[in-house]
S.K.: 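There's a structure below that I have some questions on.
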Amino acid sequence: MPRYNPATIEPKWQRYWEEHRTFAAPRLPKGEKLYVLDMFPYPSGNGLHVGHPEGQTATDITCRYQRMRGRCVLHPMGWDAFGLPAEQHAIRTGTPPRTTTQKNIDTFRRQEKMLGFSYDWDRELSTTDVNYFRWTQWIFLQLFDTWFDEAQQRGRPIAELPVPDDVRAAGESAVRRYQDEHRLAYQLEAPVNWCPELGTVLANEEVIGGLSERGGHPVVRIPLRQWMLRITAYADRLENDLAQVDWPESIKALQRNWIGRSVGAEVDFFIGSAADVGPNGKPAPAAFKAWRTERAAKGFPRTAGADVLRVFTTRPDTLYGATYMVIAPEHPFVERLTRPEQSAAVRAYCEQAARKSDLDRTELSKEKTGVFSGSYAANPANNRPVPIWVADYVLATYGTGAIMAVPAHDTRDFEFAKKFELPIVPVVDPGSSADIPRDEVLAGTTVYTGAGVAINSSSYDGTSTAEFKERITTALSQQGFGRRAVNYKLRDWLFSRQHFWGEPFPILHELDTDGHPTGAIRAVEESQLPVDLPEMPHFKPHGRPEPPLDEAPRDWLYPVIDGKRFKRETNTMPQWAGSCWYYLRFLDPKNQQAFIDSEIERAWMPVDLYIGGAEHAVLHLLYARFWHKLLFDRGLVSTAEPFRKLVNQGMILGEDGGKMSKARGNVVNPDDVVAEYGADALRLYEMFMGPLEATKPWSMEGVNGVRGFLDRVWRLITNERSETLELNAAVQPAELTGEQARVLHRTIRDVTGDIEKLSLNTAIAKMMEFTNFFTKETVRPREAMEKFVLVLSPFAPHLSEELWQVLGHGKTLAHEPWPTFDETAIKEDTIEVPVQINGKLRSRVTVPADASAAAIESAARAEPRVQELLAGKTIAKVIVPPNGRLINFIVRSEAPLVITSRDFQRAAEQRFTTAEFLLEHDRTLDALYLAGYAVECTLKALVMYLTPPATMNETFERLKSSAKMHYPEHLKEELKNLDCLLPIDLVKRLRRFEWSTNLRYESGRRPAGEVRGYLKTAAATIEWAKGEMQ
RNA sequence: GGCCGAGUGGCGGAAUAGGCAGACGCUCGGGACUUAAAAUCCCGUGGGGAGUAAUCCCCGUGCGGGUUCGAUUCCCGCCUCGGCCACCA
């Protein structure tokens, strides 16, 4: 009694694939290559999550399909295994992170294999393998050895960096320092986010609202020496090259947003030296004049001197409206600019700001705070002195850390100016428009941030905002006061972490004879790589920002090279490092000579399809692209972009519709699902849930549903009643009937198209339709069954392999050619064409598939029901769309309206309303006309009545005269009968009636069939209205 | 506050170069088989209405407008939900 039993079938085929190395990819592609990649998982202690197989099944289906299409497919899997949890586990239990990590990897590998993905397991790698991270270190050395040539917009070897003569003259160590300042990997003493709880420094991206992203612990800012990567140098290319990749627009937008390019101008405001400032804190006019003259002669300096406050603005056109300036509390000039009388207030403010966490700054954002420094700068546009304030709404880390404040045209400046009663001078006239209170803008009581026409701007008055920007930027640079400038939100990448469980930096710090660092650093020789992690005696945090590796054994920590003692860099790299290039290592994972063989790289790159979660939409993808561009610039890879096509899978929610989490108790474990329903059912369900990109809730009933489908497929082909595994008797070597062929070929065509579009949920629906059809067939031609099994195989590979074997095949179907379809077999002889009348579906006609528009029309006209509906009507127009999939008759009624006084009389005799009477005698059009007319009259009357100063009598007279103009004589009688004057709550009642019926009817667009429903309402309304009037 | 995305039956979702709304699945209801149950198979399942019936009609894709012979699809204006960023000058 062999029923479908995934518990035996699935391990059997997994073993087969492994033994036969069915999915091993060659060193170099044979034929057309396809590189399909999943974002490799972090092997957490919780094991695989149902979210992982979602994207992985999609890539697996693509791979299995493309293999059968003859593509040479590379599909690898590995582990992003450095990370904090293993280290924290080590601190708690003393278990070395490598041990924990290995155990987790083993669990993940078992689970991945359990799901039957067609990975080439020979290429498995982990970022924590020494053989892997030695090359991560090697790439870091490339970053260390590269500077960015702005002019050429590319990274070049540091040896090619032009060194200014004065630096060269100052000696070798000056040159080295100059080079170190220009490397893509450089050190910086910077305020960093120190999290005492985690014992580490975090990147800005890892801090959310003043708390650590992981664990939610408080974070404080302290200065510390850090490694930085100069990603900002690549900002423009990272943005521009988005144009050449096939990624979702939303992800591109996220990246652009993160890079945050904005175009504007830098402008210098003169502050002068102490000697240039008068007793009131304002620059002395003479000094300012001298400065202006000097600037006109020398131009705008590259770096701002001490005599100016440099600002960045995207609105140089509002320069005349800059009535004050603001500098960040961390700005280097704060102390200098603070006048004695303000120093207590400023110091208190800055101390308070320093204590504030990011969270506080965000939460207090509603209320602006700040303090006057006592000093002034000179506005270069109008030569007026403007006060300089210190406020934390200006960020030290963006632009120059100082702004010119234009309260009339910037919301934040406006709020600030209001609070501190600073002058507000409008310089942009918004012009008259309905939504903008122009008067208030011109009075300075409302902020306006849009474009307009310049005012209060000297000779620029009347200039449009866009033109003004251009002109003033040009003028400023001619005068030496400013220049065009571009700014980015993107900051350089803080690349060091104070963890043990990460890649050590291949960097040595030179020590003097006393064992103190000299400040000089050098790279570890390539030949000395890898720098492995030392055995650590313990993993206890020592509570200082220095990394755990500071406690490493001395022989590791203090190497001696050429008789000189060094100290190793003890920071380690962040988890992002390993994931920045793993897609390259998969191509050549065992190479001991190079990070990748360049022939192999050229042959397989780029990644053709990359699928993973949207949580990596910004950071991982930006970092990886950055590294890739560096490698590209250094001639180490052949493509400018690593990932040609990117797809983000959506999140899978718990059955309760919330995010899966232990706390909610709604986590679904793949092991359980596979044990109960099988891996094929899990795979199929995850694809059937909905579109890949959508967020979808899990449903066990849904899993059960697709399992039912697999059961039906099993019964379709095998004989479940037999003792042994054998074919169902209905499966015979028979010719396909026309309909069978149509179903088969349509299924092949649709599934093929859907896989190409990654529309996998609809692909499965098509296969279900196939199964539903053939289940009813008593003869199931073998050919159809075989082709169907091949089509199903990318989705449910285990079941398909088993059925393929039952169908008599000796080896795996993984490399069988993908079935082709025959368009002529799909074509039906006849098609059913919907017939619309006035846009409403009324009937269908069956016509030959190749029928012309004229043939469709005559067939439609011949249809009895259509004839009935068109009887007595004039066909104004017939529409048949080019594809011939529909016909629409546009008709106008020319049925004469024959409502006579006799009708009214007889209706009254039979105690009907006139409308009811007409309806009773099948004179629906007349009845509708009457009803609509009556309702319209009622409405008109209502409107007139409600319009003062009309009295009831006046209203009635007006109504009658209006009726005289538009309506036939005999209907006026009915109007009189209505005697209409209505109470207010008729409005509600009428609203429910679609009174436009009348108008539409008059224009002939309403089909007669629709009349009855309206009529009832209308008749009832009239009746009710009459009642009201008594 | 900014950017992006989404609103369709009891549920997950189909269908958009504008053309039969609700494919496929779940749920639920009915039936067949069975001593019975499970399993399986068949039928029905957006709401409302008319009819003994075959069948027919009306409404219906978040709300309000618009374009069109025809709008879930396109345009304008809102509402709601979700995601990301958030004082970026």
Side-chain angles (χ1 to χ4, degrees), chain A residues 3 209 248-254 256-258 260-262 264 311-315 318 326 361-362 364-366 368 391-395 397-406 409-413 415-416 487-491 614-615 617-618 650-651 685 688-691 693-706 708-709 711-712 715 720 759 761-769 772 775-776 832-844 865 876-891 994 1005 1007 1009-1014 1016:
Chain A
R3 297 179 54 180
E249 273 311 312
S250 60
I251 302 297
K252 290 188 182 182
L254 277 177
R256 280 195 201 100
N257 204 319
W258 192 262
R261 185 176 199 267
S262 50
V311 302
F312 172 75
T313 178
T314 54
R315 291 293 300 273
T318 61
V326 183
R361 284 206 186 184
T362 309
L364 293 173
S365 69
K366 286 157 199 149
K368 295 269 181 297
D392 68 2
Y393 83 89
V394 171
L395 308 175
T397 45
Y398 182 78
T400 61
I403 62 158
M404 64 176 217
V406 185
H409 306 293
D410 180 282
T411 316
R412 295 148 304 175
D413 297 343
E415 285 170 15
F416 192 82
N487 240 293
Y488 302 92
K489 283 196 230 173
L490 185 71
R491 322 269 170 78
E615 66 272 21
V618 176
M651 218 189 330
Y685 173 64
F688 190 57
M689 288 169 88
E693 303 86 351
T695 305
K696 305 149 287 223
W698 186 269
S699 155
M700 277 303 174
E701 279 158 352
V703 185
N704 197 36
V706 291
F709 164 64
D711 283 327
R712 283 195 292 280
R715 283 193 295 270
E720 213 178 14
S759 176
N761 53 333
T762 53
I764 294 167
K766 308 278 168 52
M767 292 189 284
M768 287 172 167
E769 286 181 83
N772 291 345
T775 298
K776 290 171 195 157
E832 215 177 42
V833 176
V835 182
Q836 294 186 341
I837 295 173
N838 287 338
K840 289 214 166 245
L841 179 68
R842 293 298 163 196
S843 182
R844 294 161 210 277
R865 165 128 189 92
K877 204 172 172 186
V878 179
I879 290 157
V880 180
N883 58 16
R885 295 235 314 273
L886 175 136
I887 180 164
N888 190 9
F889 291 98
I890 312 305
V891 302
E994 197 185 353
R1005 292 183 193 174
E1010 198 180 296
V1011 169
R1012 274 166 149 185
Y1014 286 132
K1016 280 192 163 180

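Just so it is clear, the values below take in all heavy atoms, side chains as well, and ignore hydrogens, waters and symmetry mates. Just so we're on the same page: letters track the sequence lines, and every chain starts at 1.
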S.K.: Who are the ring-ring contact (aromatic ring centres under 6.0 Å, His included) partners of A/F416, not counting sequence neighbours?
M.R.: A/Y324, A/W389, A/Y393, A/F420
S.K.: Separation of A/R261 atom CZ from B/C3 atom C1', in whole Å?
M.R.: 18 Å
S.K.: Start at the 5' end of RNA chain B and walk down; is the nucleotide closest to A/A765 or to A/T400 reached first?
M.R.: A/A765
S.K.: Can you check the distance between B/C76 and B/C58, where both ends of the measurement are the P atom (answer in whole Å)?
M.R.: 32 Å
S.K.: How long is the straight-line distance from CD1 of A/I764 back to CD of A/E769, given to the nearest 0.5 Å?
M.R.: 13.0 Å
S.K.: By the 4.0 Å heavy-atom rule, please label A/S262 as base, sugar-phosphate, or nothing.
M.R.: sugar-phosphate
S.K.: Restricting to non-hydrogen atoms, name the atom on A/M404 and the atom on A/D413 that form the minimum distance, rounded to 0.1 Å.
M.R.: O-OD2, 4.0 Å
S.K.: A/M768 and A/V706: which non-hydrogen atoms are nearest, and at how many Å?
M.R.: CE-CG1, 4.2 Å
S.K.: On the side chain of A/K368, is there an atom forming a donor-acceptor pair with the base of B/C87 - under 3.5 Å, no angle test?
M.R.: yes
S.K.: Can you measure A/Y398 atom OH to B/A86 atom C1' for me and round it to whole angstrom units?
M.R.: 14 Å
S.K.: Walk me through whether A/R842 and A/V835 qualify under side-chain contact (heavy atoms from CB on, under 4.5 Å).
M.R.: CA-CA 6 Å; A/R842 293 298 163 196; A/V835 182; 5.6 Å; no
S.K.: Taking the same atom, C1', in B/A89 and in B/C78, what whole-Å distance lies between them?
M.R.: 31 Å
S.K.: Please state the C1' separation for the pair B/C3 and B/A15 - nearest whole angstrom.
M.R.: 29 Å
S.K.: Scan nucleotides 54-56 of chain B against the protein and return all N/O pairs shorter than 3.5 Å with their distances rounded to 0.1 Å.
M.R.:
residue : atom : partner : partner atom : Å
B/C56   : O3'  : A/R865  : NH2          : 3.0

S.K.: Could you tell me how far apart A/N257 (CG) and B/C84 (C1') are, to the nearest whole angstrom?
M.R.: 8 Å
S.K.: Begin from the C-alpha positions of A/N838 and A/I890 and carry the test side-chain contact (heavy atoms from CB on, under 4.5 Å) through to its verdict.
M.R.: CA-CA 5 Å; A/N838 287 338; A/I890 312 305; 3.8 Å; yes
S.K.: Need the pair for B/U80. Rule: Watson-Crick or G-U wobble, both distances under 3.5 Å, any strand; none if unpaired.
M.R.: B/A6
S.K.: Under a 4.0 Å N-O cut-off, is there an ion pair linking A/E249 with A/K252?
M.R.: yes
S.K.: Please determine, for the side chain of A/I890, which listed nucleotide (B/C69, B/A89, B/C84) has the closest atom?
M.R.: B/C69
S.K.: Pick the P atom in B/C11 and in B/U27, then give their distance to the nearest Å.
M.R.: 15 Å
S.K.: Under 3.5 Å for both donor-acceptor distances, Watson-Crick or wobble: does B/G29 have a partner, and if so which one?
M.R.: B/C43
S.K.: When the distance from CD of A/E415 to P of B/G1 is rounded to whole Å, what number comes out?
M.R.: 12 Å
S.K.: Once you round to the nearest 0.5 Å, how far does CG of A/N257 lie from OG of A/S250?
M.R.: 12.0 Å
S.K.: Looking only at atom P, what distance separates B/U73 and B/A21, rounded to whole Å?
M.R.: 14 Å
S.K.: Determine the Euclidean distance between corresponding P atoms of B/C41 and B/G65; express it in Å to zero decimal places.
M.R.: 49 Å
S.K.: Specify the closest pair of heavy atoms between A/G401 and A/V394, including all atoms of both residues, with the distance to one decimal.
M.R.: O-CG1, 3.5 Å
S.K.: Using every non-hydrogen atom in the two residues, find where A/E720 and A/R3 come nearest and quote the distance to one decimal.
M.R.: OE2-CG, 3.4 Å
S.K.: State whether the side chain of A/K696 and the backbone N or O of A/P691 hold a donor-acceptor pair below 3.5 Å, judged by distance alone.
M.R.: yes
S.K.: To the nearest Å, give me how far apart CZ (A/F709) and P (B/U40) are.
M.R.: 15 Å
S.K.: Identify the nucleotide, in any strand shown, that forms a Watson-Crick or G-U wobble pair with B/A86, with both distances under 3.5 Å; if there is none, say none.
M.R.: none
S.K.: Would B/G9 be called syn or anti, given that syn covers angles within 90° of 0?
M.R.: syn
S.K.: Would you tabulate the nitrogen or oxygen pairs shorter than 3.5 Å linking the protein to nucleotides 42-46 of chain B?
M.R.:
none

S.K.: Generate the contact string for nucleotides 9-20 of chain B. Rules: B means base contact, S means sugar-phosphate contact only, - means no protein heavy atom under 4.0 Å.
M.R.: ---BSS----BB
S.K.: Distance check, rounded to the nearest 0.5 Å: A/R844 atom CZ versus A/L886 atom CG?
M.R.: 10.5 Å
S.K.: Can you tell me how far P of B/G83 sits from CE of A/M651, to the nearest Å?
M.R.: 7 Å
S.K.: Ignoring hydrogens, what is the shortest heavy-atom contact between A/T400 and A/F312? Give both atom names and the distance.
M.R.: OG1-N, 3.9 Å
S.K.: Taking the same atom, C1', in B/C56 and in B/U67, what whole-Å distance lies between them?
M.R.: 32 Å
S.K.: How far, in whole Å, is B/C24 from B/G13 if one measures between their C1' atoms?
M.R.: 9 Å
S.K.: Looking only at non-hydrogen atoms, find the nearest pair between A/A617 and A/L254 and report the distance.
M.R.: CB-CD1, 3.9 Å
S.K.: Please give the nucleotide sitting opposite B/G19 as a Watson-Crick or G-U wobble pair, both distances under 3.5 Å, or none.
M.R.: B/C69
S.K.: Hey, does the side chain of A/R715 come within less than 4.0 Å of B/C41's phosphate (OP1/OP2), counting only N and O?
M.R.: yes
S.K.: Return the pairing partner of B/U34 with a 3.5 Å limit on both distances, Watson-Crick or G-U wobble; otherwise return none.
M.R.: none
S.K.: Rounded off to whole Å, could you give me the CD-to-P distance for the A/E249 and B/G83 pair?
M.R.: 23 Å
S.K.: Between protein and nucleotides 26-33 of chain B, what N or O pairs are separated by less than 3.5 Å?
M.R.:
none

S.K.: CD of A/E769 versus P of B/A23: gap in Å, rounded?
M.R.: 10 Å
S.K.: Using only side-chain N and O atoms of A/K840, determine if any of them is under 4.0 Å from OP1 or OP2 of B/C59.
M.R.: yes
S.K.: Go through the structure and list residues passing ring-ring contact (aromatic ring centres under 6.0 Å, His included) with A/Y685, not counting sequence neighbours.
M.R.: A/W698
S.K.: Determine yes or no for a side-chain-to-main-chain donor-acceptor pair under 3.5 angstrom, with A/N888 supplying the side chain and A/G839 the backbone.
M.R.: yes
S.K.: B/G13 pairs with which nucleotide, Watson-Crick or G-U wobble, both distances below 3.5 Å?
M.R.: none
S.K.: Using the rule given for side-chain contact (heavy atoms from CB on, under 4.5 Å), can you reason through A/V406 versus A/R315, listing the C-alpha separation, both sets of side-chain angles and the distance that settles it, and then say yes or no?
M.R.: CA-CA 9 Å; A/V406 185; A/R315 291 293 300 273; over 6 Å; no
